[in-house]
Structure formats: C-alpha cells, structure tokens
Amino acid sequence: MFKKKVEKILLNVQKPGRYIGNELNSVIKNKKTVQIRYAFCFPDVYEVGMSHLGLKILYSLLNSQPDVWCERVFVPWPDMETEMLKNKITLFALESGDDITSFDFIGFTLQYELCYTNVLNMLKLAKVPILSKDRKNLNQIVMAGGPCAYNPEPLADFIDMFVIGEGEEVILEIMNLYRECKQKNSSREYFLYESTKIEGVYIPKFYEFQYNKDGTIKEMETNQNVPLKIKKRIVKNFDKIYFPEKFVVPLIDIVHDRAIVEVLRGCIRGCRFCQAGFIYRPTREKTVKNIDLQCRNLCKNTGYNELTLSSLSTSDYSNLNELLDTLHKWTLDEKVSISLPSLRVDKFSKEIASKIKSVRKSGLTFAPEAGTQRLRNVINKNVFEEELVNTCKIAFEEGWTLVKLYFMIGLPTETQKDIEGIANLAHKILEVFNKTSIKKGAIKIAVSVSTFVPKPFTPFQWEAQDDIEVIYEKQKTLRSCVNSKKITLNWHDAKSSFLEAIFARGDRNLCKVLLKAFEMNKKFDGWSEYFDFTEWMQIFKNCKIDPKFYANRKRNYDEILPWDHIDCSVNKMFFERENERANSAITTKNCKEICENCGIYTHKGGICVAKR
Amino acid sequence: MLQNVRLWFEKTGIMRFISHLDLCKCLTRAINRSGITIWHTEGFNPHPFLTFANPLGLGIIGIRESFDIKLTRETELKNLPTAINKFLPNNIRVITATNLVMKASDIESALYEIRIFSKNIHKKIEEFEKILSKKEIFAEKKSKGNIKVINIKDYILSYELQSFKTLAKLKIVLKTGSKINVNPFLLTNELVKFTKNKLYFEIIRHKAYSDFENKIIWK
C-alpha cells in the first residue's frame with residue numbers, strides 16, 4: 001500500500017515518521033466501497049496539525065459515514081518537499097498513500113493567516129490547479145473552514161467553498177449534496193450553486209467587489225440568486241454534539257500529545273481583542289456526566305495518561321469542581337494527569353490548584369494581557385492586580401515555581417505608563433514569591449509579549465496596528481524597565497504580526513499578492529527560519545499594494561469592511577458600542593452576569609437561553 | 001516480588017522509520033493499555049520502566065529484538081504477547097515472552113542482512129566484493145558531537161555476498177553492544193562513495209550473538 005518510491009527517500013529526510021501514517025486508530029477503508037474521498041489538509045507540519053482538536057473531530061465524523069473516507073495530509077517539511085520534487089512524488093494522503101490529486105474534496109482548516117502560502121503550496125504539490133476557475137470537474141472541491149475563514153477574501157481566488165462557523169453538522173450536509181450530485185452526474189457548477197442553499201456555505205466566485213478610488217470597498221454584488229449575507233453555523237445542542245471516542249495516536253512526538261476533551265464552546269467574557277471570544281458565541285457547556293464519559297473513552301482507546309480539559313476559558317466551566325472530583329474517581333488510580341489550559345487569574349483557587357497538580361507539576365500560565373488597570377479595562381479583560389497577586393500567592397504556597405505571563409503591546413490607547421506597568425506587574429509577582437515561597441531563589445517568571453493584531457469580528461476591527469518602528473520602541477522601553485534575572489522577556493516578532501494583520505483584515509485584492517508570494521516559493525511563514533520580511537515587502541511593492549492600508553489604517557464605522565457579508569450573528573452595532581466603551585475605558589459585564597444584547601440570541605443556544 | 005520478563009518483538013516494514021525513542025513510547029502505551037502492570041521508576045517523575053538490550057537504529061528492520069520489563073503481578077508469560085499486540089500499530093509485534101537468560105552486556109555481535117538494490121546489480125557485485133576484501137574501510141563515525149575516523153573492517157566478524165536477479169544480499173556479522181558498536185549505514189555509505197552509484201538499501205537485523213565464533217545466540 002505504501003509506495004516504494006516514498007520509502008526510498010525517507011532516510012534522506014529528518015523525522016521520516018511524519019510521513020508514514022500507520023498510527024494506532026488511523027482509519028483504513030476499502031477504496032472500492034467508498035464513494036467520496038476527502039483529503040483533510042492541515043497547512044502546517046505533522047506535529048502541529050496532529051495537535052489540533054478540530055482535525056480529530058472532523059476526521060472521525062467524516063469517517064463515521066460508511067461511504068466517505070477522510071484521510072490526513074500535512075505539509076512536507078522543505079527537506080521532504082525537495083526530495084518529493086526530485087523524485088516526482090505527488091502530495092499523498094497518509095492513510096492510503098494515494099496521491100490526492102483527484103480526491104473529491106481537498107479541505108483546509110485555516111487556523112492562522114501565516115499558513116496561507118502553505119495552502120497554495122499544498123495545492124501545487126498535489127497537482128491541483130491553484131486557481132478556483134481552472135478546476136472544472138466534479139472533484140477537487142477545495143474547501144476551507146476554521147477561524148480565518150471568517151474573512152475569506154484574501155483566499156477567494158483559490159478556494160471554491162468556505163464554511164463559516166462550526167463544521168459538525170454542515171459538513172455532513174455538504175457530503176449529502178455531493179453524493180447526490182455525483183450519482184446524478186451533475187456539473188461542478190451545479191454542485192457549487194446548490195451548496196449556497198446550505199446555511200454557512202460561502203462560494204466566493206458568485207460574488208464581486210467594486211472599490212472606491214481610495215481603495216476601500218464600494219459595494220459587493222452578485223448576479224446570481226445566492227444569499228447576500230452568509231450566516232455562520234452553530235451547533236445548538238452542544239451536549240449532544242459529535243465527539244470522537246478515539247484519536248489517532250501519533251508515533252512521533254507532537255506538540256500536544258494527549259487526550260483532549262472540549263468542555264465548553266464559546267466564551268462569556270468578551271475581551272475586546274479576542275476574535276475567538278465573539279465568533280464562537282454563544283457559550284455552551286457539556287454536562288459533567290458526558291465529559292466524564294468522553295474522557296474515559298479517549299483514555300481507554302488511546303492509552304494517553306495526560307488529559308486536557310479544553311475550551312477558551314476552562315475555569316469558567318460552571319461545575320468545574322464537581323467535574324474534577326468526578327474525574328478523580330478514576331484518573332488518580334490510572335495515573336492520568338489532568339491539565340487545564342487558559343486558566344483565568346480571577347478563578348484560581350486553592351481547591352483547583354490542589355486538584356490539578358496531583359500527578360505532575362508544570363508551570364502556571366496566566367494572561368493579564370495588559371500592564372495597567374486602565375488598559376485592562378480598555379480591552380475588557382476583567383482582571384485585577386490583586387487577583388493576580390492572590391493567585392500567584394496560592395500557586396507559590398502550593399509549590400509552583402514557574403509562572404508564565406502573557407501580555408500584548410500595541411493595544412489601542414496604550415501609553416508609556418502601560419508599558420512600564422508590564423514590568424511593574426512582573427516585579428510585584430517576584431516580590432510575592434520572595435515573601436511566600438520556601439523554595440528561595442527557584443522562581444522563574446517568563447513574560448511573553450506579543451504584538452496586538454486587530455481582527456475582524458471584534459470591537460477593535462476598525463483599529464490601526466502600531467507601526468513596526470513604534471513596536472520596537474515600546475519593546476525597548478519595556479526591556480529597560482526589567483531589572484531582575486528571574487524575569488525573562490520573550491517577544492513575538494513584530495514583523496510577522498504585521499503580515500498577520502495585513503491578511504487578517506485583507507480584501508480580495510490580496511489574492512494577487514498571495515499568488516505572487518506563492519510563485520516566489522514562499523512557505524512556512526509562521527516559522528521564523530522561513531519567514532523573510534524583506535522579500536514579502538518586495539512582493540507588495542511589485543503588486544503595487546500598500547500593506548499599511550490594511551494593517552496601520554484606522555477605519556471609519558461607515559466603511560464597508562471586506563467581511564461585512566459574513567454574518568457572525570454578533571451585530572456590527574454591538575461592536576461599535578464596545579469600541580466606544582473601550583475608548584472611555586468602560587468595561588462590559590460577562591454573559592453570565594447580564595445579557596448585553598450582542599445579537600447571538602437569535603441562535604437560541606446555551607447561555608442565551610439560560611440567561612433570558 | 002517483581003517478575004523480570006524479556007519480550008521479543010519485531011519492527012518491520014514502514015515502522016523502521018520511527019526512532020528508538022518513539023518506539024519506546026509506543027510500547028509503553030500499549031503495555032499501559034493492555035492492563036499489564038509494570039514497575040515504575042521511583043523519584044520525582046516516575047515513569048514505566050522498559051530497558052532495551054540493544055536499540056535498533058532508525059531505518060533498520062529488526063525481527064528478533066528485545067526489551068525487558070518488571071511485572072508487579074505474577075503473570076503467565078504466554079499471555080503477554082496477545083495482550084500487548086492488541087494495542088500496537090501494524091508492523092510492531094511482540095512475538096514471545098521469556099525469562100532473562102543473558103545480560104545485555106553479553107551481546108557481542110549481530111547478524112545483519114543488507115539488501116542492495118540497483119540497476120544492473122550483477123555487474124556491481126565485483127565492485128562490492130573488492131571493497132569488502134580491502135584491509136581497511138575508513139568511515140567517519142559521529143558520537144556525542146565528535147567525529148572520529150574508524151576502520152569498519154575492525155568491526156566485521158564475517159560476511160557473505162550473494163547475487164540475485166534484482167538485488168544483492170550482504171549477510172554480515174558486525175560487532176554490536178553498548179561498548180563497541182557500528183551502524184551498518186556507515187558501511188552502506190562507503191559502498192555508495194566507492195562505487196559512485198545510485199544504490200538503495202534495506203537492512204534487516206536478524207539476531208544477536210553472545211559468541212559468534214561458537215555460534216551462541218544471545219537470549
């Protein structure tokens with residue numbers, strides 16, 4: 001089954017285990033009995049893609065359909081790519097080893113903007129025409145979903161079909177339609193047109209944009225009978241949502257090699273910089289009983305002894321203590337350790353601390369995001385300094401010695417004082433440690449600072465990103481404020497945040513930039529060893545496109561935004577109101593406290609129903 | 001009382017491309033899931049204890065490999081393979097379980113079969129023969145960041161070269177063990193260098209000896 005041609009090159013590349021498949025729980029089907037071949041493409045390397053929960057869910061879900069065979073495809077690392085090209089090997093699916101060229105679906109998940117060049121490169125390696133208009137038959141349907149699909153325009157020329165929102169239901173509806181079309185021998189055109197009738201599906205080729213002289217959008221039009229607004233999909237009954245009983249267990253080390261169960265979806269908080277906090281609304285939880293069962297199944301079927309309770313904010317889960325107690329009934333005996341990512345500073349208690357450290361004790365991570373209370377109010381991160389201090393005190397008393405703190409710089413309204421505030425906060429925590437812990441001197445405070453990237457569907461979607469030079473100045477200021485060896489500062493490269501900001505809020509004109517970048521062999525832009533900023537700026541220049549137009553320009557409320565035809569069910573009016581409040585540093589209460597009428601109530605799911 | 005057990009396994013086909021560390025993890029997980037309880041190391045970060053007499057290099061097939069575990073509950077040896085195999089991916093398979101007869105340090109050498117593929121292989125046999133019969137085959141060996149030049153001939157206890165239609169088979173016994181060891185890929189690299197040919201190799205380790213001269217197989 002596995003091609004000899006591939007085997008022959010595997011000893012010439014690093015980590016050949018990335019390319020061999022054959023993992024426990026990977027799904028092998030009989031080619032003759034399946035009707036639909038689906039290549040699930042993750043536009044990054046194996047180790048990153050295999051850590052992604054969405055892939056695991058959709059992989060199992062699609063394969064639960066007897067006549068659909070979903071297989072995984074990742075980007076070959078450049079050493080492998082070179083070998084593949086040299087030996088004329090086409091991009092292949094890990095399960096069957098087959099070339100994916102003539103698969104029915106080639107589906108991408110778009111998790112971050114810097115993977116866009118990888119998407120195009122994968123199409124090339126798969127020998128699939130890069131441009132949507134060059135694909136003619138009823139196969140090679142190039143699909144894309146995930147958070148970046150909420151602003152699909154920069155990829156509009158390459159992708160046939162975007163899926164907006166949660167995939168668990170809509171993907172099966174698309175499969176049903178395709179199956180029907182295939183049996184009736186319908187055309188590609190017919191299938192694409194019919195699919196616009198499915199809620200959440202956006203087919204860019206049916207729409208066109210007119211622009212003003214200043215480059216902003218004049219209007220979006222269509223000459224077909226297709227929806228003018230594409231409404232995102234959500235799964236109403238989240239407790240009943242499909243969840244896999246098994247994961248493919250990788251043979252090589254990957255980023256997150258453990259069992260992951262999603263305990264809630266959405267977030268009640270509404271931090272104003274956070275896209276996930278708005279696009280995944282409304283907040284919906286699974287029951288303790290259901291989570292417990294899913295955790296047991298996964299651990300049993302994979303052999304993992306690490307378990308992550310995942311969500312955007314797991315400490316907001318209503319019955320967290322009850323859940324941890326229920327899990328402990330079996331996890332302690334079976335030596336399974338539980339980890340909670342994204343802990344909130346204000347939700348950390350002695351009780352939770354003692355429950356999660358039972359087996360192994362790694363570092364604690366908190367995200368105050370901003371250095372002063374004023375700026376935390378601006379971004380609606382409802383966290384207070386004394387809460388952070390208290391939380392760290394508890395953690396130090398419980399024996400933790402590594403604290404990671406996440407901040408952003410370049411946030412709207414930021415001043416010198418806010419930058420200094422980051423350093424002050426870190427120093428204050430160091431002080432707390434010296435007063436509380438008995439492990440003198442063992443402390444490590446890792447301060448991680450990223451550059452703010454304004455995103456669509458957030459109250460900051462109109463804001464300008466700071467110029468790179470300004471960011472560098474701010475980084476310099478911060479560095480001069482830190483004077484302890486116990487505190488380490490890490491930056492996220494401001495240049496790649498700039499590129500991210502361009503594509504995050506880009507329009508259809510950026511397709512030609514991407515095409516040019518692809519022709520210049522750009523790939524793995526999310527990896528510092530392959531990210532070449534100078535080359536990118538040259539590409540923009542050659543395409544006569546000003547990148548600052550997208551990243552560093554403050555937009556008016558009445559400007560038509562490139563993603564205005566996508567309806568994430570949170571009103572634009574609400575975002576405007578939130579933006580105004582941010583300017584005056586006024587906070588907004590979370591969904592559990594009061595309903596602020598963001599608009600998501602129309603979906604009648606989760607917390608909206610409970611609260612109204 | 002802990003029961004010491006030696007598990008014999010094979011690592012074949014595509015699975016030769018996973019590293020020793022990844023193999024370790026894979027076997028550990030399978031044992032965990034099989035319900036067999038094994039001794040964990042003590043200390044700050046306890047982990048299941050598996051020890052390999054002689055790890056197999058990346059890219060090499062092994063058909064009589066072994067590792068040792070300590071059982072915390074007495075178990076019938078013959079039940080172990082099936083219990084573990086249920087949770088192993090294809091091409092990694094436990095064949096049998098035995099008591100520990102010899103020590104890891106008793107390993108002296110191992111029999112490798114190097115299958116050489118190339119166009120017009122029969123014309124190349126002579127060249128291979130010429131290289132192998134030289135007094136010295138120098139190669140660079142990397143160990144712990146240092147590069148040291150070794151004479152591969154010092155490590156060869158015996159060899160036999162056979163020619164077939166599409167491939168040549170080199171059966172070779174190389175010194176092996178925790179102290180003196182040589183990776184057969186060092187030799188194949190030299191074959192490529194000397195013959196200046198495009199060659200493709202498949203290497204299979206058949207078994208280990210504690211005393212090759214007297215044909216005593218390590219067990």
Side-chain angles (χ1 to χ4, degrees), chain A residues 1-28 46-47 80 86-87 92 94-97 246-254 257-259 297-306 333-337 359-362 399, chain B residues 11-38 40-41 43-48 57-61 72 84-93 115-118 166-167 183-185 188-189 192 198-203:
Chain A
M1 186 172 58
F2 212 83
K3 286 199 207 78
K4 204 86 201 161
K5 223 157 77 172
V6 177
E7 276 189 38
K8 280 188 178 177
I9 60 172
L10 284 179
L11 281 177
N12 305 339
V13 301
Q14 281 184 353
K15 301 194 189 171
R18 284 166 171 167
Y19 313 107
I20 62 173
N22 200 32
E23 306 94 329
L24 199 71
N25 299 335
S26 65
V27 178
I28 304 290
Y46 181 89
E47 294 93 313
M80 179 67 171
K86 209 164 77 189
N87 294 283
F92 55 91
L94 284 185
E95 278 75 1
S96 63
K246 316 172 160 178
F247 285 176
V248 173
V249 184
L251 294 162
I252 64 169
D253 248 339
I254 63 167
D257 201 5
R258 56 185 82 119
N297 277 339
L298 266 188
C299 288
K300 192 181 82 198
N301 292 331
T302 58
Y304 280 125
N305 52 15
E306 270 182 83
D333 284 344
E334 298 184 16
K335 294 196 174 72
V336 172
S337 70
V359 176
R360 210 171 279 179
K361 192 177 290 180
S362 54
Chain B
K11 181 187 181 208
T12 56
I14 199 85
M15 283 317 224
R16 69 183 181 280
F17 295 110
I18 69 162
S19 69
H20 177 64
L21 221 65
D22 294 329
L23 171 75
C24 244
K25 210 168 58 184
C26 177
L27 288 167
T28 308
R29 261 188 205 144
I31 292 170
N32 274 344
R33 293 182 57 200
S34 69
I36 297 164
T37 55
I38 63 169
H40 283 57
T41 59
F44 184 70
N45 188 5
H47 59 272
L58 185 87
I60 301 175
I61 289 170
T72 54
I84 301 171
N85 284 337
K86 248 201 303 200
F87 303 102
L88 282 173
N90 294 335
N91 297 337
I92 296 180
R93 204 169 62 90
R115 298 154 71 100
I116 312 169
F117 299 84
S118 164
T166 53
L167 79 159
N183 187 325
F185 278 116
T188 59
N189 287 345
V192 174
K198 226 179 159 181
L199 304 173
Y200 171 66
F201 303 95
E202 256 174 37
I203 305 181

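Residue numbers begin at 1 in each chain, while the letters A, B, ... track the order of the sequences. What's counted below: heavy atoms across the whole structure, side chains too, no hydrogens, waters or symmetry copies. All values derive from a computational prediction rather than experimental measurement.
Interface residue B:F185: only side-chain heavy atoms are found under 4.5 Å from chain A. Using a 4.5 Å cut-off between heavy atoms, A:S26 does not touch chain B at all. For B:N90, the parts lying near chain A are the backbone and the side chain together; criterion is any non-hydrogen pair under 4.5 Å.
Within residues 19-27 of chain B, the residues that have a heavy atom under 4.5 Å from a heavy atom of chain A are B:D22, B:K25, B:C26, listed by number.
For A:K300 and A:E334, the salt-bridge test fails: no basic side-chain N is under 4.0 Å from an acidic carboxylate O.
Of the residues B:I116, B:N183, B:I61, B:T188, the one that meets the side-chain contact (heavy atoms from CB on, under 4.5 Å) test with B:I203 is B:T188.
Among B:L58, B:I31, B:N91, the residue with the largest count of heavy-atom pairs under 4.5 Å with chain A is B:L58.
A search for side chain to side chain donor-acceptor pair (under 3.5 Å) contacts involving B:S118 returns B:K124, not counting sequence neighbours. Shown here are the side chain to side chain donor-acceptor pair (under 3.5 Å) partners of A:R18, two or more places apart in sequence or in another chain: A:E47. Considering only residues two or more places apart in sequence or on other chains, B:F17 meets the ring-ring contact (aromatic ring centres under 6.0 Å, His included) condition with none of them.
A:D257 places no side-chain N or O within 3.5 Å of a backbone atom of A:D253 that could act as its donor or acceptor partner. Distance alone, capped at 3.5 Å, is enough to place a donor-acceptor pair between the B:R33 side chain and the A:N301 backbone. A donor-acceptor pair under 3.5 Å links the side-chain atoms of B:K11 to the main chain of B:I18, judged by distance alone.
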